[in-house]
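What follows is a single structure, written as structure tokens, with notes after it.
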Amino acid sequence: MIDLKPGSFFENVELSEDEKEIIIIDQVQLPNNEVYLHLNQLEDLYQAIKKLQIRGAPAIGIFAGYSMYVLTQQYDNLPFEQFYQKFTEDKEYLNSSRPTAVNLPWALNRIDKVVLENKDKDVKEIVRLIGLEAKEIHREDKEMCLKICEYGLTLLEDGDGVLTICNTGPLATSRGTAIGPLILGKQRGYDFKVFANETRPLLQGARLTTLELQKAGVDVTLICDSMASIVMKNGWINVCFVGCDRIAANGDFANKIGTSTLAILAKHYGIPIYSLGPTSTIDMNCPDGNHIEIELRDPSEIAEKWYQQPMAPKKVKCYNPAFDVTEHSLLTGFVTEKGIVYPPFDVNLKKLFEE
Ligand code: MRU
């Protein structure tokens, strides 16, 4: 059960006891049904990412690592050449499930490195090492999230109004990124007033963020995406906390569609806006936001979903990007596990990897 009472944390991705299956809660069915999925077949694992049964950049990375572990156990009797060929096909297929969050290729490349560095070992041993690496990715994410929560909390005052978008809590990240400090703050006696954008088209804000914050006892108010300006104008927002799915080397970053709108509004109203995420979300090989591939999703998510009947005429043309890029000039800072990064982002993001 999702449980965010003080001191407890919900695990968004777990291995079964025999380590042959991955267990996730089906995020598409939340908040109405808590359905757990046990997965170990390539197509099911691919579809779980594609359909957003597991979602959120860090969670996708963790899930990808464990996916390679449960899959490779099924062909650990092959000689290395054949094993690596199958491994590469599976890895590439999983990597094609969604394009924007860098955590997916980042985690898969970590697993690939383990395989290549140990190619002279017995294949069963290589698979065991894949399992250890997948667990390490998960462990590191928990640790990074906890540090991000601490750094994020230093930016907040008791009583602050905070606007957020999409879902960046323990469902999407191991311990929370953008809303992690709000949950941590509540546990330490702070009272925030959080406004959660519903986050069209898939309503992760309405379905998941409000659920997590409610369970954690945080005061949360749901708004439609188009209401962000009025709550800022009313003086109810002291700061915006958003997540990130890929941060380019110059500080432009992709996050859930609607984030750039919030950043433009925040600038207009003079409200600071921070993007919170682990350094695994920084892609130093990507020079700027123009080089980030934006996922386009099924038109039915706009035209039909969430209604008893389709909301738009049949075959209407739809444009349904899942993410947008916020220009670095609009952002106040990035909150990472290594600290808070301020402009100039091209210089200061690079420093994170030099230490
Ligand atoms: O399409 P999703 O639900 O996988 O989108 C990811 C997100 O939840 C956000 O963009 C988030 O801010 C970054 S990942 C915690």
Side-chain angles (χ1 to χ4, degrees), residues 12-13 24-30 47-64 97-104 106-107 141-142 144-145 148-149 152 162-183 194 196-213 225 240-247 252-263 273-283 289 292-298 301-302 305 320-326 331 334-337:
N12 54 359
V13 185
I24 54 167
I25 193 163
D26 182 354
Q27 296 195 28
V28 175
Q29 298 200 48
L30 289 172
Q47 291 296 340
I49 303 175
K50 193 163 183 70
K51 290 186 191 157
L52 312 186
Q53 289 172 316
I54 182 80
R55 46 147 298 284
I60 293 171
I62 295 160
F63 183 81
S97 55
R98 295 189 75 192
T100 304
V102 72
N103 307 61
L104 176 60
W106 170 86
D141 193 63
K142 289 178 193 173
M144 291 192 287
C145 285
I148 290 167
C149 292
V162 185
L163 179 59
T164 192
I165 184 165
C166 201
N167 174 256
T168 57
L171 283 163
T173 68
S174 297
R175 295 292 181 263
T177 53
I179 66 165
L182 309 173
I183 296 173
V194 183
N197 267 32
E198 63 180 347
T199 318
R200 285 280 293 163
L202 281 163
L203 304 181
Q204 286 94 326
R207 294 186 301 105
L208 308 176
T209 298
T210 60
L211 175 71
E212 288 179 331
L213 291 176
D225 294 352
C240 300
F241 272 12
V242 302
C244 42
D245 294 83
R246 189 182 296 246
I247 302 170
D252 293 350
F253 67 103
N255 191 51
K256 180 51 58 186
I257 188 77
T259 303
S260 66
T261 316
L262 292 189
I273 175 165
Y274 292 90
S275 169
L276 295 85
T279 50
S280 54
T281 308
I282 301 171
D283 182 359
I292 301 178
E293 186 183 346
I294 298 294
E295 176 184 12
L296 290 179
R297 294 189 59 87
D298 194 317
E301 291 176 358
I302 295 182
K305 230 180 162 76
N320 185 14
F323 301 92
D324 60 19
V325 170
T326 299
L331 190 75
F334 289 104
V335 181
T336 76
E337 79 281 6

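Whatever order the structure lists them in is the order used to number ligands and atoms, beginning at 1. Count residues from 1 along the sequence. For clarity, every value in this text was computed on a predicted model and none was experimentally measured.
The nearest heavy-atom contact from the protein to atom 8 (O) of ligand 1 is Arg55 NH2, 2.6 Å. Nearest protein heavy-atom neighbour of atom 5 (O) of ligand 1: Lys256 CE, 3.3 Å. Of the protein's non-hydrogen atoms, Asn255 OD1, 3.2 Å is the one closest to atom 11 (C) of ligand 1. For atom 7 (C) of ligand 1, the nearest non-hydrogen atom of the protein is Cys166 SG, 3.4 Å. Taking atom 4 (O) of ligand 1 as the reference point, the nearest protein heavy-atom neighbour is Arg98 NH1, 2.8 Å. Atom 15 (C) of ligand 1 has as its closest protein heavy atom Thr173 CG2, 3.6 Å. The closest protein non-hydrogen atom to atom 6 (C) of ligand 1 is Asp245 OD2, 3.2 Å. Looking only at heavy atoms of the protein, atom 14 (S) of ligand 1 is closest to Ala57 N, 3.1 Å.
Set against the non-hydrogen atoms of Gly56, the atoms of ligand 1 under 4.0 Å away are 4 (O), 6 (C), 14 (S). The distance from ligand 1 to the heavy atoms of Gln204 drops below 4.0 Å at these ligand atoms: 1 (O), 2 (P), 3 (O).
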Stepwise side chain to side chain contact (heavy atoms under 4.5 Å, CB included) check, Leu30 with Ile25: CA-CA 9 Å; Leu30 289 172; Ile25 193 163; 4.0 Å; yes
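At a 4.0 Å cut-off, not a single heavy atom of Ala322 sits close enough to ligand 1 to count as contact.
Taking 4.0 Å as the cut-off between side-chain N and carboxylate O, Glu295 and Arg297 count as a salt-bridged pair. Between Asp225 and Arg200 there is no salt bridge, since no side-chain N of the basic residue sits under 4.0 Å from a carboxylate O of the acidic one.
Asn167 and Arg55 are linked by a side-chain donor-acceptor pair at a separation below 3.5 angstrom, with hydrogens and angles left out of the test.
In terms of polar-atom proximity, Thr177 is not counted as a contact of ligand 1, lacking any N or O under 3.5 Å from an N or O of the ligand.
Between Ala263 and Thr326, the shortest heavy-atom contact is CB-CG2, 3.5 Å.
In this structure, CG in Leu163 is found 11.5 Å from CZ in Phe241, a value given to the nearest 0.5 Å.
For Ser275, there are no side-chain hydrogen bond (donor to acceptor under 3.5 Å, both in side chains) partners at least two apart in sequence or on another chain.
At a heavy-atom distance under 4.0 Å, no atom of Ala101 approaches ligand 1.
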